[in-house]
Amino acid sequence: MKNTKGLAPLIAISAILLALSVGSFFLTPDRAFSENENRYLQLTPKLSWDNVLSGKFMKDTENYTSDQILLRDLWTGARSALQRAEGRQDISGTYLGAEGRYFAKVTDDTFNWSNYEKNLTAVEQFFAANSGKRCTALIAPSPAGVLGEYLPKNAPYYDEDKAFSLLADKLGGTFADTRTALAEVEDPYYHTDHHWTTAGAQSAYHVWAAATGHAVRDYAPVQATDSFRGTLYSKVLLPDSVYDAVDYCPDISIVSADCDGTERDSLYDMAALEKKDKYELFLGGNYAKAVLRTGTENGKHLLLIKDSFANCFVPFLTGDYETITMVDLRYCREKLQPLADAAEDILVLYEITNFAADSNLFKLNLQ
């Protein structure tokens, strides 16, 4: 009898999980995309002999059950709340910092040091091949690198000073260091997202202008929304997560933008404010190649090799160039040297942990 009582909770939990799985398979339509996680979800697995024999069917079924389970977002938030109540400050690879700030957990073990050095070498070689041009590397610090006092006490974090020392040694005078400028901004990064804010991007623009000899233009950003919860929120889904404001500069305009063949007439996609990922306000997201015609008639062209940090940074550059070509190496299949040949200036702009993890920088030097 004692053993039977001990099995009761296990049987109850198993019954709940079974009910949720059955409900997920038969009672609700599949979700193809999760706005919260900004990723595509596993759809109904395809049953075939090849998939069964290769193990793919079982793997896809496991992913399907996880991705399509009923009330998935609610369960994720409940799990995170329980873990926080138990005293955990590291949930789903996210540190829960002070004042509602979330940080991606990056340690010396998870920061890809070898790939980081390979990427630095790739940029160094690309700049050497274009030594007649003004080349700049603006590698932004991580949010925790600037706001370390908000991290949980004794939270392990990678040696960012070492990473920046390697960067300066490798790229020398082409490196524009934004760490001090960002530390002087009240809110340089969003609380629940990994990107810098428009204020943070504008402070980095001041550093870039000083490093490249451009006159600084000051803008007064205005609020586009005050209800943004970003990528780090999506990992924990805690219901009491703070909301961030997203600011932009509506007085900065362009003539046109060719974004992977789609024409736009603005730097800003106001429809993104109705979506979960409100950072897509800036150009509507990422593209393999976006060519901006700014309306500044000076004949100057910039090649900008970038990650998504550049999306809210590029408006500040439009007064300095007639054309700006933005390339995201994750998606671009074009050779870069012809684009570099057409430019007077080259800017490589990444957040440092993105830069270390990126496996596409070798494309810079493909002939």
Side-chain angles (χ1 to χ4, degrees), residues 89-90 92-98 101-128 135-185 187-190 193-197 200-201 203-208 210-212 231-232 235 305-310 313 329-330 346-365:
Q89 295 177 304
D90 165 15
S92 299
T94 302
Y95 284 131
L96 307 184
R101 291 192 178 275
Y102 298 161
F103 301 96
K105 180 181 178 180
V106 186
T107 66
D108 281 321
D109 291 334
T110 60
F111 187 86
N112 194 332
W113 291 100
S114 62
N115 196 64
Y116 178 66
E117 294 194 49
K118 287 179 184 177
N119 287 345
L120 289 176
T121 298
V123 173
E124 179 186 35
Q125 292 172 347
F126 186 61
F127 283 0
C135 298
T136 309
L138 199 162
I139 308 300
S142 66
V146 175
L147 302 170
E149 69 270 22
Y150 292 92
L151 280 169
K153 187 176 181 180
N154 299 320
Y157 203 70
Y158 85 104
D159 189 347
E160 189 159 282
D161 287 338
K162 173 185 172 183
F164 272 98
S165 293
L166 289 170
L167 197 165
D169 290 344
K170 198 76 170 175
L171 300 182
T174 64
F175 164 51
D177 194 341
T178 61
R179 287 177 292 175
T180 299
L182 286 165
E184 294 172 352
V185 177
D187 275 318
Y189 297 89
Y190 296 108
D193 192 72
H194 64 288
H195 290 106
W196 53 19
T197 60
S203 72
Y205 155 69
H206 288 178
V207 173
W208 170 86
T212 57
T231 55
L232 299 173
K235 292 180 179 296
I305 312 296
K306 45 79 77 180
D307 68 3
S308 55
F309 268 59
F313 179 92
L329 295 176
R330 292 173 296 178
I346 297 172
L347 172 61
V348 173
L349 194 163
Y350 282 76
E351 186 271 338
I352 193 166
T353 61
N354 290 343
F355 182 82
D358 197 297
S359 61
N360 297 286
L361 269 295
F362 73 92
K363 296 177 184 177
L364 290 173
N365 300 298

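Counting from 1, the numbers follow the sequence of the chain as shown. Keep in mind that this is a model prediction, so the values were computed, not measured.
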Passing option when Trp196 is tested against Tyr350, Tyr190, Tyr205, Phe309 for ring-ring contact (aromatic ring centres under 6.0 Å, His included): Phe309
Taking it one step at a time, do Val207 and Leu182 satisfy side chain to side chain contact (heavy atoms under 4.5 Å, CB included)? CA-CA 10 Å; Val207 173; Leu182 286 165; over 6 Å; no
Run the side chain to side chain contact (heavy atoms under 4.5 Å, CB included) test on Leu349 and Trp208 for me, step by step, so that the C-alpha distance in whole Å, both residues' side-chain angles and the decisive distance to 0.1 Å come before the verdict. CA-CA 10 Å; Leu349 194 163; Trp208 170 86; over 6 Å; no
In Å, rounded to the nearest 0.5 Å, how long is the span from CZ of Phe313 to OG of Ser308? 14.0 Å
Is there a donor-acceptor pair under 3.5 Å between the side chain of Asp159 and the backbone N or O of Asp108? no
About how many Å separate CD of Gln89 and CG of Asn154, when rounded to the nearest 0.5 Å? 9.5 Å
Is there side-chain contact between Asn115 and Leu361, with at least one heavy-atom pair below 4.5 Å? no
Taken in chain and number order and not counting sequence neighbours, the residues that satisfy side-chain contact (heavy atoms from CB on, under 4.5 Å) with Ser165 are none
Contacts of type ring-ring contact (aromatic ring centres under 6.0 Å, His included), residue Tyr116, not counting sequence neighbours: Phe111, Phe355
Side-chain donor-acceptor distances from residues 166-177 under 3.5 Å, at least two apart:
{"residue": "Lys170", "atom": "NZ", "partner": "Thr121", "partner atom": "OG1", "Å": "3.2"}
{"residue": "Thr174", "atom": "OG1", "partner": "Leu171", "partner atom": "O", "Å": "2.6"}
{"residue": "Asp177", "atom": "OD1", "partner": "Arg179", "partner atom": "N", "Å": "3.1"}
{"residue": "Asp177", "atom": "OD1", "partner": "Arg179", "partner atom": "NE", "Å": "3.1"}
{"residue": "Asp177", "atom": "OD2", "partner": "Arg179", "partner atom": "NE", "Å": "3.2"}
{"residue": "Asp177", "atom": "OD2", "partner": "Arg179", "partner atom": "NH2", "Å": "2.7"}

Set of residues satisfying side-chain contact (heavy atoms from CB on, under 4.5 Å) with respect to Lys105, sequence neighbours excluded: Asp90, Tyr95, Thr107
Counting only pairs under 3.5 Å, give me each side-chain donor-acceptor contact of residues 139-153, with atom names and distances, residues two or more places apart or in other chains.
{"residue": "Ser142", "atom": "OG", "partner": "Gly145", "partner atom": "N", "Å": "3.1"}
{"residue": "Ser142", "atom": "OG", "partner": "Tyr157", "partner atom": "OH", "Å": "2.9"}
{"residue": "Ser142", "atom": "OG", "partner": "Glu160", "partner atom": "OE1", "Å": "2.7"}

Asp187 meets the salt bridge (charged side-chain N to carboxylate O under 4.0 Å, His left out) criterion, sequence neighbours left out, with Arg101
List in chain and number order the residues that pass side chain to side chain donor-acceptor pair (under 3.5 Å) with Lys306, two or more places apart in sequence or in another chain; answer none if no residue qualifies. Asn286, Asn311
So CG of Leu364 and CD of Glu124: to nearest 0.5 Å the spacing works out to 12.5 Å
Any side-chain heavy atom of Asp307 within less than 4.5 Å of one from Glu351? yes
Test ring-ring contact (aromatic ring centres under 6.0 Å, His included) applied to Tyr189 - qualifying residues, sequence neighbours left out: none
Listed by chain and number, what are the side chain to side chain donor-acceptor pair (under 3.5 Å) partners of Asp193, not counting sequence neighbours? His195, Thr231
Taken in chain and number order and not counting sequence neighbours, the residues that satisfy ring-ring contact (aromatic ring centres under 6.0 Å, His included) with Tyr102 are none
Under the side-chain contact (heavy atoms from CB on, under 4.5 Å) test, which residues partner Ser92, sequence neighbours left out? Arg79, Lys235
Asn119 and Ala356 have their tightest heavy-atom pair at ND2-O, 4.1 Å
Of the non-hydrogen atoms in Ala204 and Leu138, which two are nearest, and what is the gap between them? O-CD1, 4.0 Å
Check this for me: Lys363, atom NZ, are more than 12 non-hydrogen atoms of other residues, nucleotides or ligands nearer than 6.0 Å? yes
Side chain to side chain donor-acceptor pair (under 3.5 Å) partners for Asn112, two or more places apart: Ser114
